[in-house]
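Before any comments, here is the structure.
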Amino acid sequence: MNELSPLQLILNASPAVQFVMLILLLLSVVSWVMITQRWLVLSAAKKGVQNFEHRFWSGMDLSQLYKEGTEMQRENMQIVGMENIFRAGFKEFMRLRRQVSVHRDAVMEGAQRAMRVAYSREEEKLEKHLPFLATVGSVSPYIGLFGTVIGIMNSFIGLANQAQATLQVVAPGIAEALIATAMGLFAAIPAVVAYNKYSANVDSITGSYITFSDEFSSILHRQIHSD
Amino acid sequence: MHNTLDNVVIYNGYPVSIVAAVSFHCMVLTALVYFQANRAPQVLNLVQPTVVKALLIDVNPQVRNAQNLERQRLERLDQQRQTREEELPRESEAERELERERAAAEERARQQAQERQRQVDVDALRQQQQADAERQARLEAERVRQEQTRAQEEQARLRQIDEAREQERQRQQAAQELAITEFELVQSGTALIQQLVQETWSRPPSARNGMRAILQIRMLPTGELVSATITESSGDAAFDRSAENAVYRAAPFRELQTLPINLFNRNFRTLSLIFQPEDLLF
């Protein structure tokens, strides 16, 4: 009896099927790179949100908070997420306020605009690579299916040349073809799961950004009208 | 703020992610190969029955093979004779005349040669007689010496013969054992076919004791049935059909896959089954 293992099947597969398998393997590897990288980035952003909110609401002076951030930048440490929004808004607010000619409402508007810009930049950072995961999740089963169809086609062509059609003639070809589908699913399933989970995470993080920028602008508003 | 996770996220975490993803795929591949290598292959054993009952079906491929060979030989002989007969009348009358003249000439030449030969022989005979006398004396001495050596040789030869006989016996025994295992395999295979066919054979009401139908079936090494034809009818169409149906329903005989291919080719490629009800009341 001839022992058939998946590894042997892959090595003995026809070039077209092997090519499909190679593509799927690359897609799977790249999608896992993205999954891990997104996981690191998103969990760092989440932690950054908690950390910064804790510091922001601790009753610390806002200019003190801003100075701490500047020092951290000087030490070549990355400033992520919410703190970036805070810094953009606060910087614009201070600069406009120093100019006497500018009206209060214009100062508020300028600060809010700066925060909006920083927010969209942060959102972009968070959502990077997620479309790739979605594409892998939806396309790689089709690529796998394509490989399978080609493999089964080949094995049936081989069957046509046989005088005696037995199961042993077609079975290896079909098995090799099915491996392509298996690989497509193997690449697709984690990508889909990760895409769904990460897009939910991104939504919750951006939601907290929006809430924070509203709260912060209300604080600034109070400050500018109290003078 | 300053903890390990943040350090990892430097460069947006790409190097770590690549290492993680590649090692994950390597792990999956290794696991796949490992489990595949450890999986024990399933083997289907051919169950060998200890008792073989040949009640309904008689299978005798050897006799059939011998008959086939005999028929082929006869056909060959026939053919040879025919070709010889065809060639014969082609010779023309003139050729036959020439042949006769040539034969006469040869005869004359041969007689002359014989005459010469006879004279030469007489001379040679005389010389030979002298030489013989001398040789006789030499041979006498030689013979005495040879007598002694021959006795020794005789003993050695006897020993050798004994040994050869012993070896021969052992070889025969081994061959016999081999034949027995082959015989057993064939027996178990036929018993299996017999059992399967017997189980599926439903006899028609018109079946009577003493009816007898012979089916010739052809099989593939996978045990699949290629064809079943009635070579000897019982005279009752329903009975014949029931026998045929029984074989088709019993096929395929998957257990024959485990037989060695040469054994299968010798014994099971084509097979004659005899259907003969004997257990009926009338």
Side-chain angles (χ1 to χ4, degrees), chain A residues 1-11 24-48 50-52 54-55 68-69 71-72 75-81 83 125-126 128-129 163-169 179 182-183 186-187 190, chain B residues 1-46 218-227 251-261 264-265 269:
Chain A
M1 226 194 265
N2 201 359
E3 193 67 20
L4 283 174
S5 77
L7 201 67
Q8 271 181 329
L9 282 178
I10 291 170
L11 293 179
L24 286 173
L25 185 69
L26 285 180
L27 278 184
S28 175
V29 170
V30 174
S31 77
W32 272 94
V33 169
M34 298 310 170
I35 288 170
T36 326
Q37 194 262 348
R38 276 301 94 184
W39 179 69
L40 292 174
V41 167
L42 289 181
S43 52
K46 222 180 218 172
K47 268 193 74 158
Q50 283 171 2
N51 247 321
F52 183 73
H54 179 71
R55 281 197 298 157
E68 266 183 21
E71 267 169 35
M72 272 165 67
E75 284 170 27
N76 254 341
M77 278 178 64
Q78 278 203 323
I79 290 173
V80 285
E83 195 167 0
K125 267 192 216 163
L126 289 177
K128 209 167 139 197
H129 299 318
Q164 271 186 12
T166 57
L167 201 58
Q168 276 89 340
V169 179
I179 284 181
M183 286 178 74
F186 178 77
Chain B
M1 269 312 267
H2 206 99
N3 55 27
T4 46
L5 194 66
D6 289 335
N7 287 337
V8 159
V9 180
I10 293 173
Y11 312 118
N12 282 329
Y14 280 112
V16 182
S17 319
I18 290 170
V19 170
V22 169
S23 53
F24 169 73
H25 281 82
C26 288
M27 250 163 56
V28 169
L29 260 182
T30 335
L32 204 72
V33 171
Y34 179 77
F35 282 118
Q36 211 64 39
N38 278 13
R39 202 185 55 182
Q42 289 182 334
V43 180
L44 254 175
N45 278 325
L46 188 70
R218 298 201 300 122
M219 283 184 288
L220 296 178
T222 54
E224 272 157 316
L225 187 67
V226 177
S227 67
F253 309 100
R254 290 283 175 217
E255 286 80 354
L256 293 182
Q257 279 177 358
T258 51
L259 290 176
I261 186 70
F264 179 89
N265 281 339
R269 183 65 76 170

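Order of the sequence lines fixes the chain letters, A, B, ..., with proteins taken first and strands second; residue numbering starts at 1 for each chain. Just so it is clear, the structure is predicted and the values come from calculations on it, not from any experiment.
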Could you pull out the closest heavy-atom pair between [X] and [Y], with the gap in Å?
X: B:His25; Y: A:Leu25; answer: CD2-CD1, 4.4 Å
X: B:Ser17; Y: A:Val33; answer: CB-O, 3.2 Å
X: A:Pro190; Y: A:Ile35; answer: O-CD1, 3.9 Å
X: A:Ala45; Y: A:Leu126; answer: CB-CD2, 3.8 Å

* Quick one: what part of B:Ile18 sits under 4.5 Å from any heavy atom of chain A, side chain, backbone, both or neither? -> both
* Asked: B:Val28 versus chain A, heavy atoms under 4.5 Å apart: side chain, backbone, both or neither?
  -> side chain
With a 4.5 angstrom heavy-atom cut-off, is it the side chain or the backbone of [X] that approaches chain B, or both, or neither?
X: A:Ser28; result: both
X: A:His129; result: side chain
X: A:Phe186; result: side chain

* Asked: Hey, does A:Met34 have a side-chain heavy atom less than 4.5 Å from the side chain of A:Val30?
  -> yes
* Top residue by heavy-atom pair count (under 4.5 Å) with chain A, among B:Leu32, B:Leu220, B:Val22? -> B:Leu220
